[in-house]
Each structure stands twice: as C-alpha cells, then as structure tokens.
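Every number for a ligand or one of its atoms is a count from 1 in the order of the listing.
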Amino acid sequence: MIESVTMENIYTVLKSSLDEANLGKLMTLENEKLHRFVAYAIATCRPESVFICSDAPGNIDYIRKLSIEQGEETPLAIAGHTVHFDGYKDQARDKEHTKYLLPEGMDLGSNINVIDKETGEKEIRTLLTNIMKGKVMIVRFLSLGPTQSDFSISCCQITDSAYVAHSESLLYRPGYEQFKKIGASTDFFRILHSAGELDERKISKNINKRRVYIDLEEELVYSVNTQYAGNTVGLKKLSLRLAIRKAARESWLAEHMFVLGVNGPGRRVTYLTGAYPSMCGKTSTAMLPGEYILGDDLAYLRKRAGKVYGANAESGIFGIIQDISEKGDPVIYKALTTPREVIFSNILVSDGVPYWLGDGREHPERGINHSGEWFEGKKDEGGNVIPLAHKNARYTISQTELQNCDPNLDNPDGVPISGIIYGGRDSDISVPCEEAFNWNHGVITKGASIESETTAATLDREGVLSFNPMSNLDFLSMPIGQYIKMHLDFAKYLDMTPVIFAVNYFQRENGEYLTGMHDKHVWVKWMELRIHGEVDAISTPTGLIPVYDDLKRLFKEVLNQEYSRESYIRQFRCRVPENLAKIERIAALYREVEETPPVLFEILDQQKKRLQEARKKYGDRISPFDY
Ligand code: SPV
Ligand code: MN
C-alpha cells in the first residue's frame, strides 16, 4: 500500500504537513523509503501536526512532557514517576487480532494466525484513514541492539501516542544518528501505530477494532486501537517476529531470552541466556542479586570466529510489577520507590502513591486504577471483583537505573555466550536443573520441549501443561519445524558451542514446593562451574545432573544454607513414567506440525530408550545415588 505513494506526492505531502524545523530533521535522513513511509502515514492518518524526534535532549523532553500534557501519563508524588492506564480490556497482547499479512506463496504452517494480505491491508487502511485527526504524529528512530554494531537493526516507529514514544526513550537506544549513517539503505523495520479515538480518560475507545497486522515481506507492522505496550511499542514483540525471520536469512538467532552475567571464581564473569515462558522465573533469574543483568527479555545471538556472542535487543525493562516487594526484590523495589524516570502502568494510585498486588504494603481502600475510580469490592460488567491493580501491571525503566546493570549493555561486540538455560514449570517431571548431553540433545529435549503448567493466575484451570518451544511460540513467524531446524543448524561451524541447561523451579509434592525461592542462584552458580569444567556431573537418562557434594558446598557458599541428602534425592531423582509421558506428548505435537526435522524424533526416541532401560534396572523412581 505504501508503494502507491508517488515520488512527487511524497514531497508535496511532507512539505505541506511539516514545519520547517521538523522537515529539516526528516530531510537530514536521506532515505526515500523512510520519506515514503512518513508521507504515507500522514496522507492516511491525517494528524494535526507531525513531530520528528531527532533524539536531541530537547526532543526527548518534549515527548515526555507531551504525554503528560495530553493526559496519557500523570505525574506521581516521587520526581520522575508517572502512571499510564490502558483500557480495562486492553491489558495484554491481543493474540486473537495479531496476524501476519499472508501474500500468495507464503506458508507459515497451521499454528500461526494469518490473514490474506490484500484483505488485511484493505481493512487496516480503512481503520487508519483519518485516525489521527486532531493528534500529534510522532516519528521516532531507534536501534534494536547496540548501535553501530553487527547486532543493530534500525527501526522507525510512527505513533500518535506520546506514552508509546516516551516508553521507547526508556526501552531502546536512540537511532537518529544511526539512520544518518545508513543513508539510503532499505534495511530497517517500520511500525505504524495509532491508539485511535480516545475517551475522556485518554483510553482507546474502539477496542473492538483493535488490530495488529504484520507484513513480513516489507518488515512493516500496523497496530491500531490499542495502547498496551506489548501491542504498540513496535520494537518489543512485534519486531521480535520480524527479527526471527531476518535472523533465519542471516544465520543468527533472535530469541525471547534474558542475558545474565554470572560471577565465577577469580573475578570471572560467564554469560548465560535464558528462555522461560511467563510465570516460570525468568525475571528473577535475570535479576539475581550480586550477578549482572545484561537483558531481561530479548536477546540476539550471533556467531563470530567460532564463538557465540549475545546482545540485548533492548536497553530497558518493561517488567511485571506484581509481587515486587522490599523484602523479596530489594534492588528493583528501591529503583521503583526513589526519584528517577519510571512509568508505572495499570497499578493503583492513591494520593500520588502507586500500589500493586503483592507489594507487601498496606493498601488504601480507594484510588484510581485501570477501571477508573476504584474501591474495595468494585465489580466489573461481568460481576467479577476488580482487584486493586491488574495482574499484568508493569513498570518501564531504563536498565542503567539498576545497580547491577552489566557494563557491557551497549558494547557493540556483545558478550560471549557460554550457556543457554531453558526454563519450564512442572510439578513432577523435570529436575531443578540439568545439563544437556550436547547441543542437539539440548535444543530438542530442553528448548523444543518446554512445557509450563498453567497457574491459577493465568487460567481458570490449574496444572494444565502448555507447550512453548524456546518460549517463543507466540512470536514465531515461520513454521515451528523450520524454527527448530534453525536452532539445530546454528551450532554448525562453532568451535565453542554454548552448553544447554534446563531448569524447573516448581517441583511439588502434596502441594508443597520442593525447592526454595532462592535456590535458583545455586543452580546458576553450578552451571557456571560446569561450563568451565570445574565440577563433575552424573549422567542420567535425561541429562547431566549435579553431584550432591558440589551442591552442598554451593548452598553453603551462595545462600549460607545446609542442604540435605534427602532434599537432593527428592529433587534430583528421575521420575521415569512422567518423563516417558512427556516424550509422547512432545512427539505427538511435532508429528502434527509441518517441516519437523527428523532428528527431533530420533533424539526423543533415544531418550525414551534410555528411560525404559533405566526403569528395567532401577524402577520408576531413580535416586541419583543409584547410578
Ligand atoms: C511477555 O509477555 O513476554 C512480555 C511482555 O515480555 S509483552 O511486551 O507484552 O510481550
Ligand atoms: Mn517477554
């Protein structure tokens, strides 16, 4: 659709819609594809005015103030803190209305939400027509990954939400200078967003017309009638979908992973990435006290001279605020309760103070939240009691605000990646931590086999296992089988292959957790030593597990706790029937999808045989001391 804007039209539109200063900022970037995109957005959305953000401090400040002036954010009592509310029914990613525009000849497999390209484009063009009437259109230039590096992806986001543009100041690296350098290159992502018509609370009114449509060929995303950042901040999950395909073309990986720097003996720092579905402990692992956080959500992995290097696609955190308390998470709690730039979303505000679920404080009985004026016991249209804050309430903060932010955050070379952790959630299948035998075994039995049990917080039915390969299921932009193959192939021509681990922090017996909240720190320290060959491991049918004496020592060193042989046996024994059932479930899923690499079934089959043989020898439950 954008191609339909003719050359003459581009410049007529731009000259008649931008004032001199803004036109100057745009024209400094000599890029026809960019000019065409901006002209198309103006001609279609018809904003009142256009603001081109050059990243100069005054420009960044203008966006921050505009968001407050327009009522999208409200200042709180502490300096730099603001609150933004999304609509009552606009509190999460809209999976149903997020679709790929499917051109003829493209096949994304059966599990991916698509709409015929022509139909989708027509629908979105109708929705976008005049949608910015009376509003300021903001044009931003940003970089995914550190700027001026192999990792960089230049992005142009257009939005009529100053909240979205402001969030991007905290979450991404500025990219105006990078756009100057790329010149006329056509290699950049484009995102066009409008919150649509707003009500008196400045909330998207036409939620029933919420659409997120993704054009993979054009590396272009449209998002309309929504405000929730996961649907609107185009550099987050929308760009992840584009990046997964770009990575496939260029032989690297774009992943839903944190990047953690773990301190080892002798001032050594070892970097691991981690992919976990939500509610599986991803953030608390990324933020382990005393270690370094390089990223909490999106990582790019590239090969260089036989090694893997990783970078954080982002430079800020859009984090879940529920359960952050002074006692449990002192570092982040401090950051959220002292003066600095923080955007709170969908929390409760009373007298300028933000409150959220699980903050460990006494709560006021009234205030303002995502439902408007709130009081204890308030019910929604469906008769459901509205909690004081939404479960998915969030904070947005620049990562450099955290005490333990890794100094290599913006290093253009990235950091060497020595390990990859896949996290799941089950009560009685997987051990708390284990190492894969090799890359392929790890990719298949750990990454491609992630399952997470639904919790009371996420679904009505508790304990249902949901499958989520590499924790990237929601964002796949290619058939699953192809995506798995891309991971298998990634290890080709590597001299140093990252070690793959799996973790499960949620084993339970009679309703009680078998591991403690802080035990993950021990598992991570054990992985660090394994990577450097400094501790042994025990070979089991499903992978390599820690030796008791090493854990006993680490529990003492890391947590100053005793660790009993009984705990070790209960946690690390192999549960044979449960593991066999899991293999059946996973294999059945992959038999249903297109293009599954045959080696996946071979590796699952080998694991099945190891389990069956071990069962003959030792029974259904195998203590680590049995082998
Ligand atoms: C997630 O849901 O995995 C997030 C938040 O990180 S969102 O931006 O909504 O994707
Ligand atoms: Mn995420």
Side-chain angles (χ1 to χ4, degrees), residues 84-87 89-98 113 142 144 155 157 159 161 163-164 166-168 170-172 191 193 204 210 212 214 221 223 226-244 253-260 273-287 293-300 312-324 332 343-347 356 370 390-397 399 421-425 450 452 454-455 457-459 466 468-477:
H84 162 82
F85 291 111
D86 301 308
K89 292 186 175 152
D90 194 19
Q91 295 286 321
R93 278 184 272 114
D94 181 355
K95 294 189 200 181
E96 190 187 341
H97 297 102
T98 300
N113 210 0
L142 300 148
L144 282 162
C155 301
Q157 164 120 33
T159 178
S161 163
Y163 157 70
V164 168
H166 179 205
S167 298
E168 289 176 331
L170 301 179
L171 293 172
Y172 301 98
I191 305 106
H193 163 252
S204 293
R210 177 170 57 191
V212 179
I214 301 153
V221 181
S223 162
T226 171
Q227 289 170 300
Y228 173 69
N231 295 324
T232 59
V233 171
L235 279 78
K236 208 163 182 63
K237 296 310 189 332
L238 308 179
S239 289
L240 173 60
R241 297 158 178 271
L242 302 179
I244 287 173
L253 297 176
E255 295 299 313
H256 190 202
M257 286 176 173
F258 67 63
V259 186
L260 167 71
T273 65
Y276 303 47
S278 59
M279 304 299 292
C280 289
K282 181 181 181 188
T283 310
S284 54
T285 309
M287 292 191 186
I293 175 167
L294 190 106
D296 81 315
D297 199 36
L298 303 175
Y300 292 167
N312 184 356
E314 312 181 281
S315 58
I317 297 175
F318 175 60
I320 292 185
I321 202 163
Q322 180 170 341
D323 293 332
I324 291 180
I332 190 80
I343 309 173
F344 294 85
S345 52
N346 308 315
I347 42 83
W356 54 90
H370 61 293
H390 196 272
K391 293 193 301 276
N392 196 28
R394 300 221 168 212
Y395 61 93
T396 302
I397 193 170
Q399 206 173 290
I421 311 172
Y422 289 111
R425 180 185 188 109
I450 294 182
S452 74
T454 52
T455 62
T458 53
L459 269 183
S466 83
N468 195 345
M470 281 74 177
S471 169
N472 232 346
L473 187 66
D474 284 357
F475 316 111
L476 290 185
S477 45

* the Mn ion (ligand 2): angle it makes with OD1 (D297) and NE2 (H256), nearest 10 degrees -> 90°

* Asked: Are D474 and K237 ion-paired here, with the side-chain N under 4.0 Å from a carboxylate O?
  -> no

* To do: Output the list of atoms in ligand 1 that are nearer than 4.0 Å to some heavy atom of H256, sorted by atom number.
  => 3 (O)

* Flag, side chain of N231 to backbone of A92, donor-acceptor distance under 3.5 Å -> yes

* Asked: Does the side chain of V212 reach to within under 4.5 Å of the side chain of D94, using non-hydrogen atoms?
  -> no

* Flag the pair E314 / K236 as yes when at least one side-chain heavy-atom distance between them is below 4.5 Å, and no otherwise. => yes

* Atoms in ligand 1 with a heavy atom of Y228 nearer than 4.0 Å -> 5 (C), 7 (S), 9 (O)

* Please find out if the Mn ion (ligand 2) and some N, O or S atom of L298 are separated by less than 2.8 Å. => no

* Give a yes-or-no answer on whether the side chains of D90 and T226 include a donor-acceptor pair shorter than 3.5 Å. => yes

* **Residues T232 and H193: side-chain donor-acceptor under 3.5 angstrom** => no

* Asked: Considering R93, Q91, K236, K237, which one's heavy-atom position lies nearest to atom 4 (C) of ligand 1?
  -> K237

* Numbering the atoms of ligand 1 from 1, which are under 4.0 Å from a heavy atom of D297? -> 6 (O)

* Structure fact -> Logged contact type for E314 with ligand 1, heavy-atom cut-off 4.0 Å, is neither

* G230 neighbourhood, listing ligand 1 atoms whose heavy-atom distance to it stays under 4.0 Å -> 8 (O), 9 (O)

* **Close-contact set for ligand 1 against F318 heavy atoms, below 4.0 Å** => 8 (O)

* To do: Check whether any side-chain N or O of N468 sits under 3.5 Å from a backbone N or O of I450 as a donor-acceptor pair, and report yes or no.
  => no

